[in-house]
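Report on one structure; see the data block that follows.
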Amino acid sequence: MNVGQVFREERGRLLATLVKRFGDLDLAEEVTSDAIEAALKHWPVDGVPDRPGAWLLTTARRKAVDRLRRDQVHAARLALLQVEVDRADPPAGDGLPDERLELFFTCAHPALAEEDRGALTLRCLAGFTTPEVARAYLVPVTTMQQRIVRAKKKIKEARIPFRVPDPHELPERLPGVLQAVYSIFTEGYAAQRDDLAGEAIRLARILQGLLPDREVTGLLALMLLIHARRDARAELLEDQDRSLWDRDMINEGSALAERALTGGYGPYGVQAAINALHDEAPDFDGTDWPQIVALYDVLTKLAPSPVVALNRAAAIAMRDGAETGLALLDALAGEPRLRDYHPYRAARADLLHRLGRDAEAAEAYREAIALAGTESEQDFLRRRLSAIEGQS
């Protein structure tokens, strides 16, 4: 294992351990960076230790005490902390207790603003720098700095506990964690940032290993089944070259989707099952649209939303015809959440084109282009518009 792999795998656990020990996220981040910097200096000369996690943890703890020694406010804690550092023997194995699950729940606490949760998850658990997080969310670095500082301040001032919620709290708290990870994935996939989408999948794998919940498994399955199509995503699903799809990822995602639906249904598991049907179909015409519509009916009961209604209408259009689907989409025109949602305009444009109403379809595509948030999405929509205009 090279040094880069070690840092990638150990950083999240190291940070979580230090936050748990010192109760200060800023301090933990600082000494984690210090320990990695020390490793970059020593390991190329001395070699990677047999227990790199233990080496990093010991180094970081000592650096934390050095920093606290310079802060008189913490002077009363130093004696106890120094004893802990001097006497502590890092655990066997890879060297770190795995407390990342607690950090997941801290970063996604409902007391934090929704826009801050994904950013803090990327910063703390994926190890992104603040400029990288800013690029991921398409905002200026200063804006992202303010969000992260605000989130950390909220954690400190509200005394948000660094712990896994009690079992009776999980149903309320877990969706926030999963939504933060899924938001990271959707941002990355839409912007064709495969590094970002891959980080979300890596975080979901970690989360599944720490918390084998049905919906965690469903989320991982969903992301794998979508990401398997990444090399062909520049086209509509019906036009994609399926030979470019990642069959190993599809097989893994399908197996996880089946496991997620064993014994019950959750929103992520149902969405994963829908995508499994898309990925397993021999071609677009061979897609099991009646089953997909049935799954959207289930999803509508589990997690009703305008976006679910939009996707259900698109599936019904494939089962019952474009005219039926368009009527359902038009019935959603008054939904505030769809007013600036470009996939809604794009879906209408596609159905209008199927019905031969190309002038209306072109206008709907222009509206979608104006609302699309990334250059890759705009390019795709412009190609669809050009195809229609070229036929007229």
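- Within the 4.5 Å cutoff, the side chain of Ile316 has heavy atoms near those of the Arg312 side chain.
- Ring pair Trp289/Phe284: centre-to-centre distance below 6.0 Å.
- A salt bridge does not link Lys152 with Glu157: none of the charged nitrogens is closer than 4.0 Å to a carboxylate oxygen.
- Counting heavy atoms from C-beta outward, Arg259 and Leu256 have side chains that approach closer than 4.5 Å.
- Cation-pi geometry between Arg345 and Tyr365 is not met at under 6.0 angstrom from the ring centre and within 45 degrees of the axis.
- Ion pairing of Arg242 with Asp283 is absent here, as no side-chain N (NZ or NE/NH1/NH2) approaches a carboxylate O to less than 4.0 Å.
- Between Arg383 and Asp379, no side-chain nitrogen of the basic residue sits less than 4.0 Å from a carboxylate oxygen of the acidic one, so the salt-bridge criterion is not met.
- Applying salt bridge (Lys or Arg N to Asp or Glu O under 4.0 Å) to Arg163 and the options Glu169, Glu99, Glu102 leaves one that passes, Glu169.
- Counted by atom type alone, Thr217 and Gln208 present one or more donor-acceptor pairs between their side chains at under 3.5 Å.
- Using a 4.0 Å cut-off between charged side-chain N and carboxylate O, Arg123 and Glu29 make a salt bridge.
- The CG atom of Leu125 lies 8.5 Å from the CD1 atom of Ile184; values are rounded to the nearest 0.5 Å.
- Annotation: Glu258, atom CD; neighbour count of heavy atoms from other residues, nucleotides and ligands within 6.0 Å does not exceed 12.
- Here Arg173 does not pair with Asp166 in a salt bridge; the nearest charged N to carboxylate O distance is not below 4.0 Å.
- Of all the heavy atoms in Ala221 and Ala257, the pair that sits closest is CB-N, 3.5 Å.
- Atom CG of Leu351 sits about 7.0 Å away from atom CG of Leu355, to the nearest 0.5 Å.
- From Leu207, atom CG reaches atom CG of Asp213 across 8.5 Å, with rounding to the nearest 0.5 Å.
- Residues Phe185 and His227 are in side-chain contact: their nearest non-hydrogen atoms beyond the backbone lie under 4.5 Å apart.
- Scanning for side-chain contact (heavy atoms from CB on, under 4.5 Å) contacts around Pro267 gives Glu215, Gln271, Leu299, Leu302, Ala303, with sequence neighbours left out.
- Atom CD of Glu323 has 12 or fewer heavy atoms from other residues, nucleotides or ligands within 6.0 Å.
- Residues Phe380 and Glu375 fail the side-chain proximity criterion, which asks for heavy atoms closer than 4.5 Å.
- By the 6.0 Å contact criterion, CD on Glu114 is open, its count of non-hydrogen atoms from other residues, nucleotides or ligands being 12 or less.
- The environment of Glu37 atom CD is sparse: at most 12 non-hydrogen atoms of other residues, nucleotides or ligands sit within 6.0 angstrom.
- Between Glu187 and Arg193 there is no salt bridge, since no side-chain N of the basic residue sits under 4.0 Å from a carboxylate O of the acidic one.
- In this structure, the side chains of Arg147 and Thr143 come closer than 4.5 Å at one or more pairs of heavy atoms.
- When side chains are defined from C-beta on, Arg348 counts as touching Tyr344, because their heavy atoms get closer than 4.5 Å.
- With contacts defined as side-chain heavy-atom distances shorter than 4.5 Å, the pair Val181/Glu199 does not qualify.
- A salt bridge between Asp34 and Arg67 is present, with a side-chain N of the basic residue lying under 4.0 Å from a carboxylate O of the acidic one.
- With a 4.5 Å cut-off on side-chain heavy atoms, Arg230 and Met249 count as touching.
- Residues Phe105 and Phe162 keep their aromatic ring centres 6.0 Å or farther apart.
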